[in-house]
**Student:** 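To start, I am sharing the structure in question, which I have written as structure tokens.
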Amino acid sequence: MIASFFKSILLIELFMVGAEALSMGYYIMSCPFADQIVTDTVNEALSKDPTLAAGLLRLHFHDCFVQGCDASVLIDSTKDNTAEKDSPANLSLRGYEVIDRAKKLIEEQCPGVVSCADIVALAARDAVFWAGGPYYDIPKGRKDGRRSKIEDTINLPAPTLNSSALMKLFWQHGFNAQELVALSGAHTLGAARCGNFKQRLSNFDAVNDVDPTLDSSFAKSLSRACAAGDNAEVPFDRTRNAFDRAYFWALQSGMGVLATDQTLFGDPQTRRVVNGYAMNDAMFFFDFQQAVTKMGLLDVKEGNRGRFERIAGE
């Protein structure tokens, strides 16, 4: 555990080399209440709708995996450009109104200081903690990106990828197999739409009608739920609004909803990590907070590569 800890710290420091403008106390003088405003806004929203915890965490992931953590996922399309948020992969994203609310309140206190990219990262952190997960502090000072194009969302993992393809994609962003499983644990929150996994339920391949990695009883329950159509939702695990290890128990039981979930148990390299997290929530929590902090440092914008202007709703 100690060796793993220092390895994680080293990885974060290496990423910080490319993000030297970031710091824990970045807004301590210019906007000291920014953190608290985001936390209060998130807590108020989640008290009304707990399902938004998953939405805010997913928003952060979909931002960082496309051109880095720069809030480009918030930019609206124009007549001359189709933005990231209108990609099929992003149409089900939620939580924009929470980010807008926090940004509005912060602008009233400190106009032109705090980026939307930092607010997205902070909101995800607060959503995880609100749902019972680990609290982690994050360095701040990200700038908001100028580019948002639908074609860039090809970098997002499709729900049909196998473990090899997933590991390759995550490796390209600097993550190893353990970090892939830890970040996939974000699916302990939320639900999947039937359109993203219906191919597992019928005419799966030349030999099997139903994906053989699915528990047969669970496959039948999925089919019943999906009779309502592609937009019907099925929770990733039995505690959809709690950040816990139930997601990994589901994978052990052949009850991973997406192919990208269940494939983690099918590959020996990732199965051992799944089994470890299923037995030890402290291990999962520690590895998740290290991995998600590292994710928050992906290709942050500095200097004239970014801005601090309000970009949501452009």
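Heads up: numbering here begins at 1 and tracks the sequence. Quick caveat, the model's predicted, so the values are computed rather than measured.
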**Student:** Checking T263 against N162: is there a side-chain donor and acceptor pair closer than 3.5 Å?
**Tutor:**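 No.
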
**Student:** Does this structure show an ion pair linking D63 with R58, if we count only N-O contacts that are shorter than 4.0 Å?
**Tutor:**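 Looking at D63 and R58, the cut-off is not met.
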
**Student:** Charged N to carboxylate O below 4.0 Å: is that the case for E97 and R101?
**Tutor:**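 Answer for the salt bridge query: no.
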
**Student:** Do the ring planes of H173 and F65 sit parallel (below 30°), tilted (30 to 60°) or perpendicular (above 60°)?
**Tutor:**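 The rings of H173 and F65 sit tilted, inter-plane angle from 30° to 60°.
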
**Student:** Among Ile, Leu, Val, Met, Phe, Trp and Tyr joined by side-chain contacts under 4.5 Å, find the other residues sharing a cluster with V257 and list them by chain and number.
**Tutor:**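 In the cluster with V257 are F197, L201, V210, L214, F218, L222, V234, F236, M255, L258.
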
**Student:** We want to know whether D261 and Y247 form a side-chain donor-acceptor pair, criterion being a heavy-atom distance below 3.5 angstrom.
**Tutor:**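 Note: D261 and Y247 side chains meet the donor-acceptor criterion.
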
**Student:** Got a sec, which pairs hit disulfide (SG to SG under 2.5 Å) with one end in residues 215-279, sequence neighbours left out?
**Tutor:**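 Those involving residues 215-279 are C194-C226.
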
**Student:** Salt bridge between K149 and E84, side-chain N to carboxylate O under 4.0 Å?
**Tutor:**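 Answer for the salt bridge query: no.
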
**Student:** Looking at every non-hydrogen atom in both residues, tell me the closest pair between L166 and L264 and how far apart they are.
**Tutor:**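 Of all heavy-atom pairs spanning L166 and L264, the closest is CD1-CD2, 4.3 Å.
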
**Student:** Less than 4.5 Å apart, side chain to side chain, heavy atoms only: is that true for N176 and F170?
**Tutor:**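 No, side chains not in contact.
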
**Student:** Give a yes or no on whether Y135 atom OH has more than 12 heavy-atom contacts from other residues, nucleotides or ligands under 6.0 Å away.
**Tutor:**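 Count over threshold, so yes.
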
**Student:** Would you say CD1 of I154 has more than 12 non-hydrogen atoms from neighbouring residues, nucleotides or ligands within 6.0 angstrom?
**Tutor:**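 12 or below, so no.
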
**Student:** Quick one: do R142 and D144 make a salt bridge, cutoff under 4.0 Å?
**Tutor:**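 Salt bridge between R142 and D144, a charged N being under 4.0 Å from a carboxylate O: no.
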
**Student:** Taking a hydrophobic cluster as the set of Ile, Leu, Val, Met, Phe, Trp and Tyr residues connected by side-chain heavy atoms closer than 4.5 Å, whether directly or through intermediates, do M283 and W249 fall within one such cluster?
**Tutor:**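 Different clusters: M283 never reaches W249 through Ile, Leu, Val, Met, Phe, Trp or Tyr contacts under 4.5 Å.
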
**Student:** Would you mind checking if D230 and K198 are paired as a salt bridge, meaning a charged N to carboxylate O distance below 4.0 Å?
**Tutor:**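 Yes, this pair counts.
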
**Student:** Would you say the side chain of S163 lies within less than 4.5 Å of the side chain of M167, judging by non-hydrogen atoms?
**Tutor:**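 Yes; the side chains approach each other to less than 4.5 Å.
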
**Student:** Please find the pair of heavy atoms, one from K140 and one from D137, that lie closest to each other, and give the distance.
**Tutor:**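 Nearest heavy atoms, K140 then D137: NZ-OD1, 3.5 Å.
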
**Student:** Under 4.0 Å between a Lys/Arg side-chain N and an Asp/Glu carboxylate O for D118 and K143?
**Tutor:**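 Looking at D118 and K143, the cut-off is not met.
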
